[in-house]
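Notes for the one structure printed next.
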Amino acid sequence: MPNYWLFKSEPDVFSIQDLAAQPGRRTTWEGVRNYQARNFLRDDVRKGDGVLFYHSRSEPMCIAGTAEVVKAGYPDHFAWEAGHPYFDEASTESSPVWYMVDIRLQKSFSTPVTRRDLEKRPITQGMMVLRKGSRLSIQPVTEAEWNAVLELAAALENSHTKN
DNA sequence: GCCAACGTTGGC
DNA sequence: GCCAACGTTGGC
């Protein structure tokens with residue numbers, strides 16, 4: 001029984017198109033430096049979980065597609081590399097502070113599901129990502145929300161195809 | 001670019 | 001342990 005998540009990324013930094021261009025359409029998800037998000041990565045994100053790939057600070061802000069967790073939480077070794085942007089002297093190999101996971105692209109939506117779309121539907125309008133000031137970059141998603149987003153994406157794809 | 005919301009830091 | 005200051009995030 002998989003869990004579902006929403007991962008935020010600024011497309012100027014790393015977009016779903018960037019993910020699609022990776023070898024095996026797969027990437028490491030490092031650099032999370034928030035304790036609540038860290039706890040999810042370390043304790044709860046498992047292989048096989050579903051990920052909604054969210055574009056923040058972009059036009060439009062949207063869920064751009066889905067991914068699958070291919071490697072569960074493991075220590076973020078970038079925190080150990082002196083001089084690396086994600087370096088943190090508090091984290092060591094024997095006592096890691098930060099964690100990362102690996103994901104693989106599942107589907108890049110032909111028509112992204114925008115915030116406006118999410119706000120329109122009763123189930124998706126309750127999603128954490130819509131809450132004002134919601135800064136958490138790794139967010140849990142309920143199965144109902146996951147299904148509703150996929151339905152929305154399918155509906156948008158159909159209307160796009162017909163026009 | 002603006003600014004509200006948030007998490008973290010550090011002085012006390 | 002409090003809380004003001006600060007830096008960052010992220011929607012608009």
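Lettering of chains follows the sequences in order, A, B, ..., and the numbering in each one begins at 1. None of the values given here were measured: they were computed from a predicted structure. Heavy-atom basis, side chains included; hydrogens, waters and symmetry copies ignored.
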Measuring from the side chain of A:Asn34 (C-beta onward, heavy atoms only), which nucleotide among C:dC12, B:dA5, B:dG7 has the closest atom? B:dG7
In whole angstrom, what separates A:Arg115's CZ from C:dG11's P? 5 Å
With heavy atoms under 4.0 Å as the rule, sort A:Arg131 into base, sugar-phosphate or nothing. nothing
Salt-bridge test for A:Asp88 and A:Arg33: reply yes if a basic N is under 4.0 Å from a carboxylate O, no otherwise. no
Rounded to the nearest Å, what distance is computed from the CG atom of residue A:Asp117 to the P atom of nucleotide C:dG11? 15 Å
To the nearest Å, give me how far apart OH (A:Tyr86) and P (C:dT8) are. 13 Å
Counting just side-chain N and O atoms, does A:Tyr54 come under 4.0 Å of either OP1 or OP2 of C:dG11? yes
Calculate the interatomic distance between A:Lys132 atom NZ and B:dA5 atom C1'; express it in whole Å. 7 Å
Atom CG of A:Leu6 and atom P of C:dT9 are separated, to the nearest Å, by 17 Å
Find out whether the Lys NZ or Arg CZ of A:Lys107 is both under 6.0 angstrom from the six-membered ring centre of A:Phe109 and within 45° of the ring's axis. no
Validation row: A:Trp29, A:Phe14 side chains within 4.5 angstrom (heavy atoms): yes
Decide if the gap between the ring center of A:Trp80 and the ring center of A:Tyr86 is smaller than 6.0 angstrom. no
Separation of A:Asp88 atom CG from B:dT9 atom P, in whole Å? 9 Å
Kindly point out which of C:dG11, C:dC12, B:dT8 is positioned nearest to the side chain of A:Arg116? C:dC12
Give the rounded distance in Å between these two atoms: CG of A:Leu130 and P of C:dG11. 9 Å
In whole angstroms, the gap separating C1' of C:dC12 from CD of A:Glu119 amounts to 12 Å
